Amino acid sequence: AGESVAALNASDGSKAWSRKIKGRRGTRARVISNMAAAHGTIYVPVANVPTDVTSENIRSVVDELTKSDKNNGQLVAIDAENGKVSWTKKLASVPLGAATVVNDVVFTSTLDGNVYGFNASNGDQVWTSKLPAGAVAPIAAYSGTLIVPAGLVTKKGQRAQVVAFTKACPAAPRMRR
């Protein structure tokens, strides 16, 4: 099973295209975090949810996802013009930190407390960093700083906090106000 992402025609609201996204083996794909669009591409963070999680209630789905370290996800780049998948990156955890594009890098953060940067054109991973807790909120960028909320504490020793990256982040030196 999977979830579909669709584009609508701005003129009349009719469907321009639809793309089904498949979950990894034994899962179904769910789009439960914010997408981003840039460079003619839609970047879709996908939660691969166990097939036995049938609830449509987002809180129930998130509760199920936090119960297991076996959950995973993917970041999918879809051509905005025709709906074709440009690239897909498998992630070891669910990307609930949305997708954020800065210059030519697309960022996402995950339930297990990692933040990733991928080349927006080809999906190559260009950067990663560990966070002090899990991430379930969108990433922001401003004036040379990438701001990542890490607010989901699920394990002993984790701390909820907002983390700011500057020079260590590949897109930071080129960010402008």
Side-chain angles (χ1 to χ4, degrees), residues 3 5 21 24 29-49 58-78 80 85-177:
E3 180 133 6
V5 174
I21 299 173
R24 286 161 62 182
R30 299 287 291 270
V31 180
I32 56 177
S33 190
N34 298 351
M35 296 179 272
H39 317 298
T41 302
I42 302 165
Y43 301 96
V44 185
V46 177
N48 292 326
V49 179
I58 190 65
R59 184 67 224 166
S60 296
V61 171
V62 172
D63 286 345
E64 287 297 319
L65 291 173
T66 58
K67 288 181 183 177
S68 172
D69 289 336
K70 295 179 182 174
N71 297 308
N72 58 60
Q74 51 194 323
L75 185 62
V76 181
I78 300 174
V85 172
S86 301
W87 52 261
T88 299
K89 284 298 167 184
K90 294 178 181 178
L91 300 168
S93 182
V94 179
L96 292 183
T100 301
V101 181
V102 179
N103 299 323
D104 59 350
V105 180
V106 57
F107 294 96
T108 193
S109 52
T110 58
L111 195 61
D112 68 353
N114 287 291
V115 59
Y116 299 93
F118 297 96
N119 178 300
S121 299
N122 60 24
D124 288 346
Q125 184 175 321
V126 296
W127 179 75
T128 189
S129 186
K130 186 73 177 149
L131 298 167
V136 295
I139 297 168
Y142 178 75
S143 190
T145 302
L146 190 71
I147 303 159
V148 185
L152 182 66
V153 174
T154 59
K155 297 177 183 171
K156 189 173 182 159
Q158 290 183 330
R159 283 187 347 188
Q161 64 185 46
V162 175
V163 181
F165 296 96
T166 54
K167 292 183 175 79
C169 174
R174 297 176 308 196
M175 287 184 218
R176 294 192 178 95
R177 288 184 192 223

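Since we're looking at a predicted model, the values are computed, not measured. Heavy-atom basis, side chains included; hydrogens, waters and symmetry copies ignored.
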Closest approach of Ala120 to His39 (non-hydrogen atoms, all atoms of both residues): CB-CD2, 4.0 Å

Within-4.5 Å side-chain heavy-atom neighbours: Ile78 and Ile21: yes

Gln125 side, atom CD; Leu91 side, atom CG - distance, nearest 0.5 Å: 8.5 Å

Minimal non-hydrogen separation, Asp112 against Asn114, with atom names: OD1-ND2, 3.1 Å

Residue pair Met35 / Val5, side-chain heavy-atom distance below 4.5 Å: yes

Whether Thr100 side chain and Ile139 backbone form a donor-acceptor pair below 3.5 Å: yes

Parallel, tilted or perpendicular: ring planes of Tyr43 versus Trp87, cut at 30 and 60 degrees: tilted

Interatomic distance, Glu3 atom CD to Asn48 atom CG [nearest 0.5 angstrom]: 11.0 Å

Distance, nearest 0.5 Å, that separates CG of Leu96 from OG of Ser33: 6.0 Å

Test log, rule side chain to side chain contact (heavy atoms under 4.5 Å, CB included), inputs Leu75 and Tyr116: CA-CA 10 Å; Leu75 185 62; Tyr116 299 93; over 6 Å; no

Closest approach of Ala135 to Pro149 (non-hydrogen atoms, all atoms of both residues): CB-O, 3.6 Å

Phe165 side chain near Val115 side chain, heavy-atom distance below 4.5 Å: yes

Closest approach of Ala36 to Ala99 (non-hydrogen atoms, all atoms of both residues): CB-O, 3.3 Å

Expected output: side-chain Gln74 to main-chain Thr88 donor-acceptor under 3.5 Å: no

Spacing of Trp127 atom CH2 and Phe118 atom CZ [to the nearest 0.5 Å]: 11.0 Å

Heavy-atom check, side chain of Leu131 versus side chain of Ser109, under 4.5 Å: yes

Closest approach of Thr108 to Pro95 (non-hydrogen atoms, all atoms of both residues): OG1-CB, 3.5 Å

Minimum side-chain heavy-atom gap Pro132-Val163 below 4.5 Å: yes

